[in-house]
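Presented below is the structure to which this report refers.
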There are 2 protein chains.
Amino acid sequence: MECLTEEHIKQRAKVLFFTTGILDASTQEIADFAGVNRTLVNYYFRSKKNLFHIVYTEIITEMRTNFAAIYVSNVTFREKVEALIDYTTEFRETYPFLEIFNIQETSKLNNRLETVLRPTCMEETGFFLKEIEEEMKKGTIPAYEPINFLINLMSLISFPIVMKPIFREIFCISTEEQYQRIYNQRKEMVMTILFNNVNQ
Amino acid sequence: MECLTEEHIKQRAKVLFFTTGILDASTQEIADFAGVNRTLVNYYFRSKKNLFHIVYTEIITEMRTNFAAIYVSNVTFREKVEALIDYTTEFRETYPFLEIFNIQETSKLNNRLETVLRPTCMEETGFFLKEIEEEMKKGTIPAYEPINFLINLMSLISFPIVMKPIFREIFCISTEEQYQRIYNQRKEMVMTILFNNVNQ
DNA sequence: ACTCCGTTTGACAATATTGTCAACAAAAGT
DNA sequence: ACTTTTGTTGACAATATTGTCAAACGGAGT
C-alpha cells in the first residue's frame with residue numbers, strides 16, 4: 001500500500017520548484033502548494049534539503065535516461081537530431097527552471113550535485129559524439145569541435161524556452177500567440193542551421 | 001567628498017550577486033564580501049532589497065545603453081553583428097548570473113522589475129530589426145522572423161557562457177584550457193551560421 | 001579645545017523559518 | 001474489541017536574518 005500523500009507532495013514540489021520557478025520556496029509554501037499540513041513535508045522527507053534532492057535526482061535521472069536512449073537509438077543521424085530537438089523542447093517546457101537551479105548550484109562551492117550530474121557524462125554521449133564526427137567527415141554537417149554541434153543544438157532550443165519571459169519583455173511581444181508564431185518556425189530553422197543550411 | 005565605502009559595497013555586491021552567483025546572499029555575506037560591518041549595508045542602502053535594486057538597475061542600464069549604441073552605430077550590418085557578439089560575450093562573462101536572476105524574478109508575480117526591463121524594449125531594437133529584415137530581403141542572411149535572428153545570436157553566444165559549468169560537467173571537460181579551445185572557435189562559427197553558412 | 005558632521009560599531013527586537021515532538025486520528029491486522 | 005501501525009496535527013524550541021538605534025569614533029572647521 002503506497003502512500004499517496006508522499007508521492008503527491010513530491011509531484012507538487014517538482015512543479016513548484018522547476019515549473020513555477022520558486023526555487024527558494026519555504027516548507028510552508030511547498031505544503032500549501034500541495035494542500036497539506038507543513039509538518040507532513042518533514043514527516044515524509046525529513047528535511048527540505050532532502051526533499052529537494054530527491055525531487056531533483058528523479059528529474060535528472062529521467063532526463064538522462066531519455067537522452068541516452070536517443071543517443072544510441074537505431075535511427076538515422078538526422079532522425080536522432082530531430083528526436084533530440086523534440087525531447088529537449090518538451091523537457092525544457094515542462095521544467096524551464098531546472099537549468100537555472102543547476103547553474104546556481106554548480107556555482108556554490110558546497111555543491112553535492114556533482115554526484116548527481118556526473119553520471120550524465122556517460123558513454124552514450126561519447127558514442128553520439130563519435131557519430132557527429134563521422135557526419136562532419138562526410139560533410140553532412142559543418143566541421144567543428146563535435147561538442148560544439150551539441151552545444152549549438154542545446155543553445156538554439158533551450159535558451160529561447162528558458163528565456164521566454166525575458167524575450168517577451170525586451171522584444172515587446174505582448175501576446176502568447178505572437179511568441180508562439182515566432183517560436184513555431186524554430187524547429188525547422190534549427191534543423192536547417194545545423195545541417196549546413198541545406199533543407200532535407 | 002564622495003563616500004568610498006558606499007561605492008565599494010555596491011561594486012562588491014555586483015560581483016557577489018551576478019559574477020559569483022550568490023543571488024540569495026544575506027546582508028552578512030554581502031558585508032563580509034565587501035569587508036565591512038554588516039550594519040553599513042543598511043546605513044547606506046536602507047534595505048537589502050533596495051541595494052539589490054540599485055545594483056541591478058545600474059547593470060541593466062549599462063547593458064541597455066551599450067546594446068542601443070551598437071544597434072544604431074554607423075557601420076555595416078556584418079560589423080554590427082560582430083560587435084553584438086563581442087559585447088554579449090564580454091557582458092555575459094562579467095555577469096553570467098544576471099540572466100539567471102532575471103528569469104527567476106520575472107517568474108515571480110510580485111516583480112517590480114518590469115519597470116526596469118521594459119525600457120529595453122526601445123526604438124533602437126526596432127531600428128535594428130528593420131535592418132535585419134532588409135538583409136533578409138537581400139539574401140545576406142536566411143529569411144525568418146527577424147526576431148529569430150536576434151534570438152539565435154543571443155542563444156548561440158550567451159547560453160554556452162551561462163551554462164559553462166554545466167557543460168563542463170556533462171561533457172567531462174576537465175580542464176579550463178579544453179573548454180577554451182572549444183569555445184574559441186565559436187565566434188567565427190556563429191558568424192558563419194548566422195550568415196547563411198557563407199564565410200566573409 | 002570644542003563642535004559638528006558623516007561614518008562606523010555592537011547590541012537589540014522583530015520576524016521568519018526550520019526541524020522535532022507528543023498527542024491525536026484513522027486504518028489494518030489480530 | 002483490541003492492538004499496532006501509519007498518517008496527521010498543533011505547539012514548541014532552535015536558529016537565522018532582518019532592520020533599527022543609540023552610542024562611539026574620527027576628521028574638518030572654528
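Hydrogens, waters and symmetry mates are skipped; everything else that's a heavy atom, side chains included, is used. By convention in this document, chain letters (A, B, ...) are assigned in the order of the sequence lines, proteins followed by strands, and residues within each chain are numbered from 1.
- Judged by closest nucleotide on DNA chain C, L40(B) is the one of R46(A) and L40(B) placed further toward the 5' end.
- For a distance-only test at 3.5 Å, the side chain of T39(A) fails to qualify as a donor-acceptor partner of the base of dG19(C).
- What separates CD1 of I9(A) from P of dG7(D) is a distance of 11 Å, to the nearest Å.
- Which of dC21(D), dT8(C), dC21(C) sits closest to the side chain of T5(B) comes down to dT8(C).
- The separation between F52(B) atom CZ and dG19(D) atom P is 14 Å, rounded to whole Å.
- Between S158(B) and F159(A), the shortest heavy-atom distance links the atoms CB-CZ, 3.6 Å.
- Note: OH (Y43(B)) to P (dG19(D)) measures 17 Å, nearest angstrom.
- Heavy atoms of Y44(B) sit under 4.0 angstrom from primed sugar atoms or phosphate atoms, though from no base atom.
- Aromatic ring centres of F67(B) and F128(B): separated by at least 6.0 Å.
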For this session: For the pair I30(B) and R12(B), evaluate side chain to side chain contact (heavy atoms under 4.5 Å, CB included) and give the outcome as yes or no after the intermediate values.
Result: CA-CA 8 Å; I30(B) 299 168; R12(B) 292 299 283 172; over 6 Å; no
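- Residue pairs meeting the ring-ring contact (aromatic ring centres under 6.0 Å, His included) criterion with at least one member in residues 15-37 of chain B, sequence neighbours excluded, are F17(B)-F52(B), F18(B)-F52(B), F18(B)-F101(B).
- P146(B) and M136(B) make their closest contact through CA-CE, 3.8 Å (heavy atoms, listed as atom of the first residue, atom of the second, distance).
- For F149(B) and Y144(B), the gap between ring centers reaches or exceeds 6.0 Å.
- Per the geometry, CD belonging to E7(A) stands 13 Å off P belonging to dG7(D), to the nearest Å.
- Between the CG atom of N37(A) and the C1' atom of dA23(C) there is a distance of 14 Å, rounded to whole Å.
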Would you tabulate the nitrogen or oxygen pairs shorter than 3.5 Å linking the protein to nucleotides 15-18 of chain D?
unit_1	atom_1	unit_2	atom_2	d
dT18(D)	OP1	T27(B)	N	3.4
dT18(D)	OP1	K48(B)	NZ	2.8
dT18(D)	OP2	T27(B)	N	3.1
dT18(D)	OP2	T27(B)	OG1	2.6

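- Counting to the nearest Å, the P atom of dT6(D) and the CD atom of E6(A) are 13 Å from each other.
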